[in-house]
Engineer: 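Could you have a look at this structure, given as C-alpha cells, before my questions?
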Amino acid sequence: LGIAGDRVVTAAKLYHYGKAGMLVCTGRQWVRSTSQDLHPYEEAKRLLLSLEVPESAIATIGGMNTADEISQAVTFLQQQTLSNVPIGIITSAWLAARAERLAKQNGLDPVMIPSDFRSRFFVPGPDMFIPSSSALQRSAICIKEFLASWIGR
C-alpha cells in the first residue's frame, strides 16, 4: 500500500465495522505522467473497492493540498442530506492537527482519526549519528507543520 496506505485500510475497517456509512476520497496531482498515473483519490477508491467496500459507499473529490481538500469536502458535504452526522477525517497522524485547524476554519467539527504513524521504537546505536535522507525528510515534515501552526493554517 505504500507509506500512506494505512489511511485507506483504516477507512475500509471503519466502513466494515459499521462506523462509517460513506467514505470520501480526496487528492489530485498537479501533473500526471501518463493516463495510467492515477490521482490519489482514484488510487484510494480502487483500494477501497478491492477491500470490498461497495462503490455506492465511496465518493471522490479533488483537492491539490490539505486546505483545498477540506474546502472541497465542505462543499460536498453541504450538498448531502446529512443532519447531526459526525464527520470523521482520516489523515496522517503528523498532519492531523493542521487538518483539524483547517476543518474548523471551514465550519466543521470533525472527529479526527489519525493513521499513517511515522513513529517507531527508539533503538540507540551508532547509526543515529549518521545523517540520512529519512531524518531530513522527518525534519522537513516537522518544520512544515510548525510553520503551518504558527501562521494559523
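Keep in mind it's a predicted model, so treat the numbers as computed, not measured.
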Engineer: Could you tell me if the side chain of Leu77 sits less than 4.5 Å from the side chain of Ile87, heavy atoms only?
Structural biologist: yes
Engineer: Rounded to the nearest 0.5 Å, how far does SG of Cys25 lie from CZ of Arg46?
Structural biologist: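 So the CZ of Arg46 and the SG of Cys25 are separated by 12.5 Å.
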Engineer: Can you list the residues that meet the side-chain hydrogen bond (donor to acceptor under 3.5 Å, both in side chains) rule with Ser35, with sequence neighbours excluded?
Structural biologist: none
Engineer: Sort and list the pairs that fulfil ring-ring contact (aromatic ring centres under 6.0 Å, His included) and have at least one residue in residues 32-54, not counting sequence neighbours.
Structural biologist: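 Listed by first then second residue: His39-Tyr41.
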Engineer: Suppose we screen for side-chain hydrogen bond (donor to acceptor under 3.5 Å, both in side chains). Which residues come up paired with Thr10, at least two apart in sequence or across chains?
Structural biologist: none
Engineer: So if you build clusters from Ile, Leu, Val, Met, Phe, Trp, Tyr with side-chain heavy-atom gaps below 4.5 Å, do Val74 and Val24 land together?
Structural biologist: yes
Engineer: Among all residues two or more places apart in sequence or in another chain, which pass the side-chain hydrogen bond (donor to acceptor under 3.5 Å, both in side chains) test with Gln72?
Structural biologist: Asp68
Engineer: If you count the non-hydrogen atoms of other residues, nucleotides and ligands that lie under 6.0 Å from OH in Tyr17, is the total more than 12?
Structural biologist: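 At most 12 heavy atoms, drawn from other residues, nucleotides or ligands, come within 6.0 Å of this atom.
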Engineer: What residues join Leu136 in its hydrophobic cluster, counting side-chain heavy atom gaps under 4.5 Å, either direct or through other members?
Structural biologist: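 Reading the cluster by chain and number, Leu136 sits alone, since nothing else belongs.
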Engineer: Evaluate the side-chain contact (heavy atoms from CB on, under 4.5 Å) criterion for residues Leu95 and Ile141: first the C-alpha distance (whole Å), next the side-chain angles of each, then the deciding distance (0.1 Å), finally the verdict.
Structural biologist: CA-CA 9 Å; Leu95 175 64; Ile141 288 170; over 6 Å; no
Engineer: Can Arg7 and Ser92 be said to form a side-chain contact (heavy atoms from CB on, under 4.5 Å), step by step?
Structural biologist: CA-CA 7 Å; Arg7 294 177 288 180; Ser92 298; 3.9 Å; yes
Engineer: Kindly give the heavy-atom pair with the smallest separation between Ser115 and Ile90, and that separation in Å.
Structural biologist: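 For Ser115 versus Ile90, the nearest heavy atoms are OG-CG2, 3.7 Å.
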Engineer: Run the side-chain contact (heavy atoms from CB on, under 4.5 Å) test against Pro40 and tell me which residues pass, sequence neighbours left out.
Structural biologist: Gln29
Engineer: Identify every side-chain donor-acceptor pair in residues 55-63 under 3.5 Å, counting partners at least two apart or on other chains, and give the distances.
Structural biologist:
from	atom 1	to	atom 2	distance (Å)
Glu55	OE2	Lys45	NZ	3.0

Engineer: The criterion is side-chain hydrogen bond (donor to acceptor under 3.5 Å, both in side chains); which residues satisfy it with Ser132, sequence neighbours excluded?
Structural biologist: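 Partners of Ser132 under the side-chain hydrogen bond (donor to acceptor under 3.5 Å, both in side chains) test: Ser134.
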Engineer: Scan for salt bridge (charged side-chain N to carboxylate O under 4.0 Å, His left out) pairs involving residues 8-32, sequence neighbours excluded, and state none if there are none.
Structural biologist: Arg32-Glu42
Engineer: Mind checking whether Ile151 and Phe146 sit in one hydrophobic cluster, side chains of I, L, V, M, F, W, Y counted as touching below 4.5 Å?
Structural biologist: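 Ile151 clusters together with Phe146.
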Engineer: Can you measure from OG (Ser139) to NZ (Lys144) and round to the nearest 0.5 angstrom?
Structural biologist: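 It is 14.5 Å, given to the nearest 0.5 Å.
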Engineer: Would you name the heavy atoms of Leu23 and Ala12 that are closest together and state the gap between them?
Structural biologist: CD1-N, 4.5 Å
Engineer: Considering only Ile, Leu, Val, Met, Phe, Trp and Tyr, and joining two whenever side-chain heavy atoms are under 4.5 Å apart, list the other residues clustered with Trp30.
Structural biologist: Val31, Met64
Engineer: Taking only distance into account, with no hydrogens and no angle test, what donor-acceptor pairs under 3.5 Å do side-chain atoms of residues 100-112 form with protein atoms, sequence neighbours excluded?
Structural biologist:
from	atom 1	to	atom 2	distance (Å)
Arg101	NE	Arg153	O	2.5
Arg101	NH2	Arg153	O	2.7
Gln105	NE2	Gly152	O	2.5
Asn106	ND2	Leu102	O	2.9

Engineer: Which pair of non-hydrogen atoms, one from Thr91 and one from Ala96, has the smallest distance, and what is that distance?
Structural biologist: CG2-CA, 3.6 Å
Engineer: Only counting residues at least two apart or in another chain, list the ones meeting ring-ring contact (aromatic ring centres under 6.0 Å, His included) with Tyr15.
Structural biologist: none
Engineer: Same cluster or not: Leu47 versus Leu38, using hydrophobic residues (I, L, V, M, F, W, Y) connected whenever any side-chain heavy atoms lie under 4.5 Å apart?
Structural biologist: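 Unlinked, Leu47 and Leu38 end up in two clusters.
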